[in-house]
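Inspection log for the structure reproduced underneath, given as structure tokens.
In what follows, every chain begins at residue 1, and chains take the letters A, B, ... in the order their sequences are listed.
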There are 2 protein chains.
Amino acid sequence: MGNDDWNKQRVLEVLREAGVNPTSQRVEIGYALFSSCAHLSAEEIMQRVNADYPVVSKATVYNTLGLFADHSLVREVIVEPGKVFYDPNVSLHHHFYYVDSGELLDIPASALQIDKLPDLPLETEVERVEVVIRLRRCTAH
Amino acid sequence: MGNDDWNKQRVLEVLREAGVNPTSQRVEIGYALFSSCAHLSAEEIMQRVNADYPVVSKATVYNTLGLFADHSLVREVIVEPGKVFYDPNVSLHHHFYYVDSGELLDIPASALQIDKLPDLPLETEVERVEVVIRLRRCTAH
DNA sequence: GTGCGTGCAAATGTTTTGCATTAGT
DNA sequence: ACTAATGCAAAACATTTGCACGCAC
């Protein structure tokens, strides 16, 4: 997943289809994001984009990722204060979070089933159900 | 719930029982936290503690809340980038999050049931399963 | 007096804003 | 030329760190 031959032309098309004007900065950020199948922080994305020479500012990385999130091109995952991960997998799924290492791992939607939801407050509808399973290294042997 | 007659003496005892040295700053912060049944941010807690005159610095609020969390006196709930809520309810439960207003509402553990958990990665154990149901105001009439 | 525990000023890290510049018509 | 969209420097905001002070022995 994720590793299926991304190139900048394809990123450009995906952005256009999503209704995002494909500027060079956005294509670079999208390429860094989609061609990695990992859960990256804004900082890591900027490092990848600017690896050779400065291409985008940090502000643009944040604004662009926010824009991508609005257009469902990426999903923000928050597990710790002051740490947001950007997940290029926008299909329905959940996450393991390794408390010790700070790493994030996908859980396919089919591997977890919620069979009883509480009644919703009036006049509201569910946008999304987020499940994070926090894991730590076994203490018991 | 939460409104059951908190006073500073009782906070002091609770801190002592939890193994936290009950300094005056900690009692003030604990009192602000426990006597409110709401989900407060660090900022809001500081405002309450310092309402009349300066009692604690922001750094102490953060460090103290972190300490309380370590001793299971409070639970950190994270829903948005750069926004942590402190929940004095440390029993097992989940949350509704109102995307529009930024408010948080408790879901009792019994109102939501997960009947299938994924296999855990080797050498790990579950610390906690966090479920956040993101709600938005109905668009449909 | 020594050493540990505590609180906070300052440093760091994260995210947002406002505006100068660019691109589109 | 006028207007809207874009990128980024600087500002705002959130959190952590390092160290000075006070308290217990």
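- Side-chain contacts under 4.5 Å among hydrophobic residues (ILVMFWY), followed directly or transitively, place B/Leu122 with no other residue at all.
- Checked by atom type and distance alone, the side chain of A/Glu13 never pairs as donor or acceptor with a backbone atom of A/Arg10 at under 3.5 Å.
- Ion pairing between A/Glu125 and B/Arg137 fails under the 4.0 Å rule for side-chain N and carboxylate O.
- Checking side-chain atoms of B/Lys116 against main-chain N and O of A/Ser110 turns up a donor-acceptor pair under 3.5 Å.
- Residues B/Ile29 and B/Phe68 form a side-chain contact, since some pair of their non-hydrogen atoms from C-beta on lies under 4.5 Å apart.
- A/Glu43 has a carboxylate O that lies under 4.0 Å from a charged side-chain N of A/Lys58, or vice versa, which qualifies the two as a salt bridge.
- Chain A approaches DNA chain C over the interval C/dT14 to C/dT17, counting the first and last nucleotide 5' to 3' with an atom under 4.0 Å from its heavy atoms.
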Output one letter per nucleotide in nucleotides 8-25 of chain D: B when a protein non-hydrogen atom lies under 4.0 Å from the base, S when only the sugar-phosphate is that close, - when neither is. BB----SBBB--------
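- Screening A/Glu103, A/Glu80, A/His39 for a side chain to side chain donor-acceptor pair (under 3.5 Å) involving A/Tyr97 leaves a single residue, A/Glu80.
- Judged by distance alone, the side chain of A/Asn89 and the main-chain N or O of A/Ser91 form a donor-acceptor pair under 3.5 Å.
- The interatomic distance linking A/Leu65 (CG) with D/dT6 (P) rounds to 15 Å, in whole Å.
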